[in-house]
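Right, one structure below, let's go through it.
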Protein chains: 4
Amino acid sequence: MTTERRATANAARRKETSRRAILTSAFELVQEVGYVKLTIEGIAARAGVGKQTIYRWWPSKGAVLFDAFLMLSEDGAGEPAALPDTGDLEADLKTVLRATVAELTDPRYDEPMRALATEIAHDPELAAAYLERLDAPLKELKRQRLRSAQRAGQLADDLDLDVAMDLIWGPLLNRWLQRTGPLTAEYADRVVTTSLNGLRPRSPEGGSARAGA
Amino acid sequence: MTTERRATANAARRKETSRRAILTSAFELVQEVGYVKLTIEGIAARAGVGKQTIYRWWPSKGAVLFDAFLMLSEDGAGEPAALPDTGDLEADLKTVLRATVAELTDPRYDEPMRALATEIAHDPELAAAYLERLDAPLKELKRQRLRSAQRAGQLADDLDLDVAMDLIWGPLLNRWLQRTGPLTAEYADRVVTTSLNGLRPRSPEGGSARAGA
Amino acid sequence: MTTERRATANAARRKETSRRAILTSAFELVQEVGYVKLTIEGIAARAGVGKQTIYRWWPSKGAVLFDAFLMLSEDGAGEPAALPDTGDLEADLKTVLRATVAELTDPRYDEPMRALATEIAHDPELAAAYLERLDAPLKELKRQRLRSAQRAGQLADDLDLDVAMDLIWGPLLNRWLQRTGPLTAEYADRVVTTSLNGLRPRSPEGGSARAGA
Amino acid sequence: MTTERRATANAARRKETSRRAILTSAFELVQEVGYVKLTIEGIAARAGVGKQTIYRWWPSKGAVLFDAFLMLSEDGAGEPAALPDTGDLEADLKTVLRATVAELTDPRYDEPMRALATEIAHDPELAAAYLERLDAPLKELKRQRLRSAQRAGQLADDLDLDVAMDLIWGPLLNRWLQRTGPLTAEYADRVVTTSLNGLRPRSPEGGSARAGA
DNA sequence: ACTTAACCGAGACGGTACGTCCTGTCTTTTC
DNA sequence: GAAAAGACAGGACGTACCGTCTCGGTTAAGT
């Protein structure tokens with residue numbers, strides 16, 4: 001896996017059971033004690049593993065945690081192949097964003113995700129790995145849904161889809177991470193509506209006239 | 001100051017020189033060594049202060065850092081009383097966001113701000129202090145500018161200004177913190193335009209006519 | 001104390017209870033687990049002390065052990081002010097050497113003393129401290145007894161007392177440390193007699209004629 | 001070889017080149033880094049050998065070192081078949097002891113021999129092996145020389161030769177190991193003279209008349 | 001002016017975790 | 001089937017900081 005290859009280590013001889021025990025322990029521990037109090041020693045102890053086995057394969061606790069997420073996302077196999085596409089973009093986006101809110105709010109994932117997010121904020125290398133291995137696939141799904149909407153005339157033809165995604169998901173993530181306000185389904189809905197319509201007034205006959213086509 | 005009042009401490013007898021030395025040292029050190037390697041001992045040593053003097057007045061290194069920002073924002077006196085208001089909302093927002101991009105990109109502030117942001121992400125109490133003391137005043141300025149635009153008919157009448165602010169600034173902060181892409185003036189411009197116009201197509205004769213720019 | 005002064009440490013603030021707990025624990029542990037398995041961590045744990053408190057004041061576990069002996073020899077206060085002097089040198093030496101044999105054989109002291117002896121063998125600095133603080137006082141007592149005998153005409157006038165002491169105690173220590181043979185009271189007696197008379201034949205009328213004078 | 005036989009190992013298939021490489025590396029390393037920092041891993045690495053090959057054949061690093069000495073003493077072939085015997089015991093002993101002093105003082109052998117000596121002090125099993133395989137042959141040579149002197153009337157008839165040997169060599173070894181004083185040829189001479197004549201005064205006409213030299 | 005109480009610098013202390021090194025065992029692959 | 005290679009669980013190393021705790025020495029109040 002991307003982040004774990006170290007110079008001297010011979011991956012062929014690697015013990016898979018230890019690897020999984022480490023990642024599982026790391027994920028559980030970060031839930032229980034928080035990221036700051038997550039220690040390599042603690043992970044090793046819970047995993048029944050020598051510390052060296054962790055240091056041999058990962059450069060930092062952030063990297064361990066990242067791989068823990070990676071394992072989860074691979075094990076939680078299947079991964080929805082696509083975002084819902086009922087033809088009603090606004091409704092679909094609301095569905096997806098409400099799900100995101102639910103996940104970010106879930107106490108099982110809140111701490112671990114904050115941990116990953118803040119670690120990424122401080123470690124550009126980890127950030128790159130995150131973008132490539134975890135974020136890119138998700139972004140691709142989102143892009144597909146937006147492209148579909150664009151073809152259906154529900155989005156502006158000249159719209160930059162990357163900016164569009166930032167506009168839709170950025171406010172959510174920001175509010176979650178910085179706690180700048182309550183993170184609710186209602187907020188998600190509002191972000192969807194507002195970003196779709198824009199901040200400016202729309203002409204009376206309404207820009208969303210075509211919605212639901 | 002909000003975060004520093006402790007039960008037993010008598011603020012009247014407090015030594016102002018030590019206070020400033022601590023905050024300055026903290027801010028400098030976080031630039032030099034990063035937040036993770038920022039230590040109370042290091043701050044105390046550089047400030048020429050006993051550790052106890054720090055522990056007496058602040059509950060955590062995050063709180064010290066927060067006060068360091070507070071001091072900076074108070075010393076960087078004046079604080080623009082308002083955001084620019086030329087009557088052209090789009091241009092004004094671009095100006096402001098470009099400035100934000102410049103600040104976030106400035107190597108002197110990048111690390112310290114990341115430190116503060118991630119500390120906030122893990123410490124709700126600190127987050128509350130941040131919202132009240134640093135974020136709220138800024139938000140008020142933004143709200144005023146938007147309200148002015150709203151009155152001028154440049155923003156939808158029923159627009160929720162808080163959501164609007166999230167829509168404008170969220171993508172920027174998110175991209176900065178998560179490094180999901182390059183943070184440039186051009187990006188700032190695009191975010192402004194897109195959020196104002198919304199993602200949907202605008203009817204040709206529609207609204208403020210500039211759509212598609 | 002000679003060995004414990006470190007560059008940065010401020011001895012005035014030193015905690016005496018911790019110091020004694022460390023030395024006591026070290027001495028007990030070396031009896032129980034042997035010198036090789038004696039660890040700084042173990043000493044710290046048993047003494048209820050942080051490891052740093054040991055590293056702050058002693059450069060090595062050998063130095064700790066040395067101070068443990070020093071403490072013992074100072075606490076076991078009084079220290080015989082002189083070796084027995086009945087006028088009969090041979091008898092007195094036998095008494096003393098038998099006592100030495102008993103001490104070296106005592107399971108409470110055997111391991112700790114071996115530990116000290118072998119540590120001295122590898123650490124010239126510690127050896128110097130040993131010579132000055134533990135060995136010298138003992139040697140002075142021995143020298144006094146021998147000088148008394150010399151004045152009484154029981155020892156050769158031109159005898160080098162240092163060599164004499166080596167001749168008497170060297171074989172004993174060597175046999176103990178190297179286990180080159182059983183270490184018994186009988187052996188002690190033989191060493192005394194033989195060293196006093198020398199290896200060569202004595203003239204028939206016997207050199208020990210004057211003994212008991 | 002005595003110490004290396006293990007239960008499961010089949011000595012017949014053993015690779016002689018590895019064995020010699022291990023012993024040579026061990027001897028060299030102990031010179032370079034000292035006994036305390038001598039490690040099995042280090043020996044294996046320098047010998048270009050797997051750790052298991054060492055663990056298969058030796059029970060401890062002390063045993064390896066012991067065999068290294070054994071190899072040396074066998075390779076340093078020939079082994080003087082006897083100690084010098086010019087008829088003048090005193091002169092011969094001085095010759096031998098001066099040689100011993102030179103060897104113990106030789107920086108190439110000092111550390112390794114200290115290592116062996118101190119290891120023996122802590123490991124009775126190793127001590128036994130040492131006595132049988134390295135010490136006994138040497139002692140036999142010494143005994144022969146002394147017996148010859150005894151027959152010539154230069155030593156007391158009733159002298160216990162083992163005690164005699166302890167008396168002659170003990171002081172030397174002790175001074176070397178414990179660094180209780182400078183180890184010189186002059187000291188060796190003095191030990192010989194004093195032990196031969198004994199500590200007591202000799203009657204003027206007495207014995208071999210040389211007393212007082 | 002004289003206590004007196006808190007602040008302050010300094011830094012020792014009991015702890016925890018770090019990241020490294022080595023132990024002795026095990027497994028895989030090569031000869 | 002011994003040997004080179006090296007991963008592994010375990011544990012000690014010596015260091016860095018944590019947060020608490022004295023210890024003098026200022027430094028302002030309150031008498």
Side-chain angles (χ1 to χ4, degrees), chain A residues 8-15 17-19 21 37-45 47-57 59-61, chain B residues 8-15 17-19 37-45 47-57 59-61, chain C residues 8-15 17-19 21 37-45 47-57 59-61, chain D residues 8-15 17-19 21-22 37-45 47-57 59-61:
Chain A
T8 50
N10 177 349
R13 294 177 167 261
R14 185 160 188 186
K15 208 164 158 185
T17 58
S18 292
R19 182 180 162 272
K37 293 196 173 175
L38 176 68
T39 65
I40 301 276
E41 289 209 338
I43 299 171
V49 138
K51 281 200 290 177
Q52 197 57 49
T53 301
I54 298 182
Y55 284 110
R56 183 153 35 228
W57 301 107
S60 67
K61 69 175 177 175
Chain B
T8 50
N10 176 351
R13 292 177 157 257
R14 184 160 186 188
K15 207 164 160 188
T17 60
S18 292
R19 183 181 161 271
K37 293 195 173 176
L38 177 69
T39 65
I40 300 277
E41 289 212 339
I43 297 170
V49 136
K51 283 199 293 177
Q52 194 62 257
T53 302
I54 298 183
Y55 285 110
R56 183 153 33 226
W57 300 106
S60 69
K61 69 174 178 175
Chain C
T8 50
N10 179 349
R13 294 179 168 261
R14 184 159 187 188
K15 207 165 162 187
T17 59
S18 293
R19 185 180 158 270
K37 294 196 173 174
L38 177 69
T39 64
I40 301 276
E41 289 210 337
I43 298 171
V49 137
K51 281 199 291 177
Q52 198 55 49
T53 301
I54 299 183
Y55 284 110
R56 183 153 33 228
W57 300 107
S60 67
K61 69 175 177 175
Chain D
T8 49
N10 177 349
R13 292 189 154 254
R14 183 160 187 191
K15 208 163 157 191
T17 59
S18 290
R19 184 180 160 272
I22 289 165
K37 294 195 173 176
L38 177 69
T39 65
I40 300 278
E41 287 212 339
I43 298 170
V49 135
K51 282 199 294 176
Q52 197 56 45
T53 302
I54 298 182
Y55 283 110
R56 182 150 36 226
W57 299 106
S60 68
K61 69 175 178 175

From CD1 of Ile43(A) over to P of dG19(E), roughly how many Å is that when rounded to an integer?
11 Å
How long is the gap from OG1 on Thr53(D) to CD1 on Ile43(D), to the nearest 0.5 Å?
12.5 Å
When the nearest nucleotide of DNA chain E is assigned to Lys15(B) and to Lys37(D) on a heavy-atom basis, which residue is associated with the more 5' position?
Lys15(B)
Could you give the CD1-to-C1' distance, from Ile54(C) to dA12(F), as a whole number of Å?
13 Å
Whole angstrom value for the distance that separates P of dC17(F) from CG of Leu38(B):
10 Å
Do the side-chain N or O atoms of Ser18(B) get closer than 4.0 angstrom to the phosphate oxygens (OP1, OP2) of dC7(E)?
no
Hey, is the side chain of Trp57(C) poking within less than 4.0 Å of OP1 or OP2 on dC13(E), counting only N and O atoms?
yes
Checking contacts here: which listed nucleotide (dC7(E), dA4(F), dC13(E)) is nearest the side-chain heavy atoms of Arg14(C)?
dC13(E)
For Arg13(C) and for Ala47(A), locate the closest nucleotide of DNA chain F by heavy-atom distance; then report the residue assigned to the nucleotide nearer the 5' terminus.
Ala47(A)
Tell me: CD1 of Ile40(A) to C1' of dT16(E), nearest whole Å?
14 Å
Once rounded to the nearest 0.5 Å, what's the spacing between atom CZ of Arg56(C) and atom CD1 of Ile54(C)?
11.0 Å
Check Ile40(D) against Lys61(D) and note the closest heavy-atom contact, atom names and distance.
CD1-CB, 4.0 Å
Check whether any side-chain nitrogen or oxygen of Thr53(A) sits under 4.0 Å from OP1 or OP2 of dA9(F), and answer yes or no.
yes
Integer-rounded Å distance: dC21(F) C1' and Asn10(C) CG
15 Å
Considering residues at least two apart in sequence or located in another chain, which fulfil the side chain to side chain donor-acceptor pair (under 3.5 Å) criterion with Lys51(A)?
Glu41(A)
Figure out the OH/C1' separation between Tyr55(C) and dA12(F), and round it to whole Å.
8 Å
Contact under 4.0 Å: Arg56(D) side-chain N or O vs dA3(F) OP1/OP2:
yes
Choose from dT20(E), dG11(E), dA7(F) the nucleotide whose nearest atom is closest to any side-chain atom of Lys51(A).
dT20(E)
Check against side-chain contact (heavy atoms from CB on, under 4.5 Å), Arg14(A) and Trp57(A)
CA-CA 9 Å; Arg14(A) 185 160 188 186; Trp57(A) 301 107; 3.4 Å; yes
What's the closest nucleotide to the side chain of Glu41(C) if the choices are dA4(F), dC8(F), dA12(F)?
dA12(F)
Contact class for Gly42(A) (heavy atom, under 4.0 Å): base, sugar-phosphate, or nothing?
nothing
Gln52(D) atom CD is separated from dA4(F) atom C1', nearest whole Å, by 11 Å
Using whole Å, what does the distance between atom P of nucleotide dC13(F) and atom NZ of Lys61(C) come to?
7 Å
Ranking Thr39(A) and Gly50(C) by the position along DNA chain E of their nearest nucleotide, the one closer to 5' is Gly50(C)
Side-chain atoms of Val49(A) come closest, of dG11(E), dA28(F), dA9(F), to dA9(F)
